[in-house]
Every structure is written in structure tokens, then in C-alpha cells.
There are 2 protein chains.
Amino acid sequence: MTETQPLPRLTLSRQIRDGLVRRIVSGELEPGERLVETRIAESYGTSQAPVREALRELEAIGMVETRPRRGTFVRHFIQQTLRESYVVRAALEEAATRLALPAGTLPADALRADVAAMREAAGRGDVGAVGTASVSFHRHIVDAGHNELLKHAWEALQIEARTSVTLLAVEPDLGDVADEHAELLDALLSSDLAKACQLTRDHQWHYADLPHDAHGRAR
Amino acid sequence: MTETQPLPRLTLSRQIRDGLVRRIVSGELEPGERLVETRIAESYGTSQAPVREALRELEAIGMVETRPRRGTFVRHFIQQTLRESYVVRAALEEAATRLALPAGTLPADALRADVAAMREAAGRGDVGAVGTASVSFHRHIVDAGHNELLKHAWEALQIEARTSVTLLAVEPDLGDVADEHAELLDALLSSDLAKACQLTRDHQWHYADLPHDAHGRAR
DNA sequence: ACTGGATCGATTATCGATAATTGATAACCT
DNA sequence: AGGTTATCAATTATCGATAATCGATCCAGT
């Protein structure tokens, strides 16, 4: 049959994985919900195999939990894992900073460009663009650490996906977000390692402490 | 044929995964080596499906690299990933310390027992037992952070497997290892957060800087 | 001989079907 | 009735087969 896309550029399992991430993050698939392989396969018009692979990857990044022979369930992600992820992010990004700053591998221009883009987006009130610029900023730092495993662990957190949720849930002042990044950038460019690490921690733990789930928490 | 185990207690894919981890860590499967799915399936007497799942999990923890449609390859684990893992470990364990210490959730007795076991093993010159005690010590700290995602990321590093390799490759003074842990424990028990974090970093980065591959590096 | 392209073998990605397991329900013995 | 066991439907884990794709080889035309 003439299926959905004529170009399966990526592998099916990758597409399914990304689709599931989106659906989980958006809340379409609720925490605790059981993910039945055959049903998902049907919904994507594929067989069970690529779905299983996708679920394995989701499990590896902690978005779902699989109990052998029992099934796969969406983890309680919004309430718990989301805020947890900030602590892990902070730890990894701080380590990357400790690696990159003394080594002088930080891409100053790219970081400046990210902050500028963030400022501009904040001025427009474009939440999505602020998030994109922020992710780019932090990814540049992680990359500059030149540590594949660190990079790997960071990417596994699915920062993009989580960021979009957070920004929508927290509704921070976009100008403040941009300012915080500018401050961190200053510390980085002046090679103030201690201050940069401190700011990285404070910045992220700040979000970790916020009641992301103001809407859903007290129910 | 009467196959290897009559009791497939765990799922096949899990068994295959663990087997591959062991074979990679032991060096039986060399860095850069291609892992052909059908060949592995044959060697385990299974079909391709559980092998693919196992490989996906290995990819998720960074032990192999998969390029779509190209194949799966053992990452350069000894020379690169191993030392990289110490930086990531340090970052995660420091974050766990920052969470656990102020919260007062550290299991003091268990930590003391780990250090005692380490001392005792060091006295016997039992490298394996020192490694086991060390892993237990650090896992207790990570657990005490009460952050599932952090825990998840830490476990994904396959600390056990890597530790065994490291201890054999580095051949550190076991007494020193025990002393370092004792010092860290002191800082933890006296709630000296800054010092504990510092020690955690120094301790692990120390290994990261060592030429693990004295045998193979300069080739 | 040298470059560009067609062909071939090997391997991965996916499929459809089957075996095995789980949790729930219903029948059963004391 | 109380608790235990047999049965059932749903679902996962695995299999064997097929289609799609990659990399290398071989060949023709210049």
C-alpha cells in the first residue's frame, strides 16, 4: 500500500521512537499507561519488531519501564523524572565545563550567537525559539568537553523533548532566562571556572526546585 | 540439540546482552570489531531478534556504536571510553552527594562496612574484592541521592564491568584506594559537602588521567 | 591503465506467524 | 464457604523468511 511517507529516510524504529517520545512528552500517553506493542505497531502500520526496538531505547533513556514478560509502562515522568533530569544535566554540564574551559575548546562565537538568538527570541516572546537556543548553547558546551561518553549520557536525557515541556509548564520570564545564559557565558569567556560551575548548578537546580506540575500536582 | 542452559530464567536478549558485555570487557571482542547479528545469533543458538535487542541496549550504554544499515561495532572502550567513564562517574556521584548529604540520607553504617571490607580485601591483596566493595560504596551514595534518573544514568555506565578492567589495567596500590575511600567517608560523615565533592572529583579524575593503556597506548 | 557505473554477495531491517508466559476468571475439592 | 487449581484471553518473546541496502568487485568506455 502507498504508506504514509514515501521516504523512510530514517529507520522505522527510529521514527517510532521519536514519535513515542513526542507522545509521552506531550502527555498524550499518560504516566503509568501501558504500552502494548501490537497496538503501537498497528497505529504506525508496522510490525512488532521495530516497536520493540524503540521501546528498548526508551527504556534505556528512562522514559519507560519494562518488566520482562509483563509489559512496558510510561514512567512517571512529568512529576518526577523531568525535575530529576535537571540535576543530572547540571552534573554533566558542569563536568563538561571543567573539561572544556581549561582546555580552551569552547566555541566562543557559537556560544555568543546562541545567547544573541535567545535574547532576540525572548524579545519576541517566542518560547520555542528560546528553548532551541538554550539547548544549542548547552550542547556546545557538552561537545567542547570532547568526552564521547559524557556527550552520550547527556543526549540520552532527551533534553530537547524535556525542555519544551518545561518551558511550557514553568512559564519563566524569557528575559531572565537569556540573562542567566549571558552571565554564564561571561564567566566562561573570562575563564572563571568556579563561577561557571556554580552558575551551571544554580541555573539548573533552580528549575529542579520549581513546581513544574502546578497544574497537575495537587489533584 | 540439547542447548547450553535448560533454564532460560531470564529472557534470551538479557542473557545475550550480559554475555556480550562480558566478552567486550574481557577483550574477546576487540574494539572496532564488527558484530554481525546473524553470526552472534548462531553462536547463541537463537534467532536474530533477541540479538538486535541486546545490541540496542549495548548501544544505549555506549559500549557499541550502530550506524543504521551499516552495522554495529565495538567502541574503543579500553583506550577511550573507560577513562571517559570516570569523568562521568565523578559528575554523577558528586551530584548525588550534593543531594544526599544535606538531606541526611546517606547510609552511614553501610558505607563504613564497605570501607572496612575494602580495607580487609586490600590487606589480602584481593583485587576483585576491593573493586566490589568500591562499587558498593559508590552505589550507596548514588542511591542515597534518591534520584531515579541519576541512578539510571550511573548504572548505565556499567561500573562493575569497567571497574574490573580498570583495576587490572592500572594496578593501583590497594591500600591507597582504601585510604582514599576512608577519607571521602570522613568528609561525608562530617557533612563537609565541599570537601566531599572535591574528593569525589579528584579521586575519579585521578584514574581518568592515568595511562590505563600503558601496554597499548604508545603503539 | 583510469574513472564511472552496473552487479553481486553479505548483512541489516522488517515482516508475519508461533510459542510461551502472565493475570484473571471459573470450576473444584474439602 | 475458603482456598486451590484448571482454563482462557491477552500479550510478550522468539522464530524463520523476505525485502532493502551497503560495500566491494568487475567491467566497459575513453
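Letters A, B, ... mirror the listed sequences (proteins, then strands); counts begin at 1.
- Contact annotation: the side chain of B:W154 approaches that of B:H138 to within less than 4.5 Å [non-hydrogen atoms, C-beta and beyond].
- Contact check, A:R39 against D:dT11: a side-chain N or O comes under 4.0 Å of OP1 or OP2.
- Atom CG in A:D114 sits 9.0 Å away from atom CD1 in A:I141 (nearest 0.5 Å).
- Using a distance-only test at 3.5 Å, with no hydrogens or angles considered, a donor-acceptor pair links the side chain of B:E84 to the main chain of A:L149.
- Using a 4.0 Å heavy-atom cutoff across all strands shown, A:L35 reaches sugar-phosphate atoms only and no base atom.
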(request) Evaluate the salt bridge (charged side-chain N to carboxylate O under 4.0 Å, His left out) criterion for residues A:E42 and A:R39: first the C-alpha distance (whole Å), next the side-chain angles of each, then the deciding distance (0.1 Å), finally the verdict. (result) CA-CA 5 Å; A:E42 193 181 9; A:R39 222 183 302 288; over 6 Å; no
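- The distance between atom CZ of A:R34 and atom P of D:dT11, rounded to the nearest whole Å, is 6 Å.
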All N/O pairs under 3.5 Å across the protein-nucleotides 5-7 of chain D interface:
none

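- Annotation for B:E33: atom CD counts as buried by contact number, over 12 foreign heavy atoms lying within 6.0 Å.
- Atom CZ of A:R201 sits about 7.0 Å away from atom SG of B:C197, to the nearest 0.5 Å.
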Check nucleotides 13-15 of chain C against the protein and report each pair of N or O atoms closer than 3.5 Å, with its distance, or say if there are none.
from	atom 1	to	atom 2	distance (Å)
C:dA13	OP1	B:R69	N	2.8
C:dA13	OP2	B:R52	NH1	2.5
C:dA13	OP2	B:R52	NH2	3.2
C:dA13	O4'	B:R69	NH1	3.4
C:dA13	N7	B:Q48	NE2	3.4
C:dA13	N6	B:Q48	OE1	3.4
C:dT14	OP1	A:L12	N	2.4
C:dC15	OP2	A:S47	N	2.9
C:dC15	OP2	A:S47	OG	3.1

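- Here the CG-CG distance, from A:L35 to A:L55, works out to 6.0 Å after rounding to the nearest 0.5 Å.
- Between B:E53 and B:R17 there is no side-chain heavy-atom pair separated by less than 4.5 Å.
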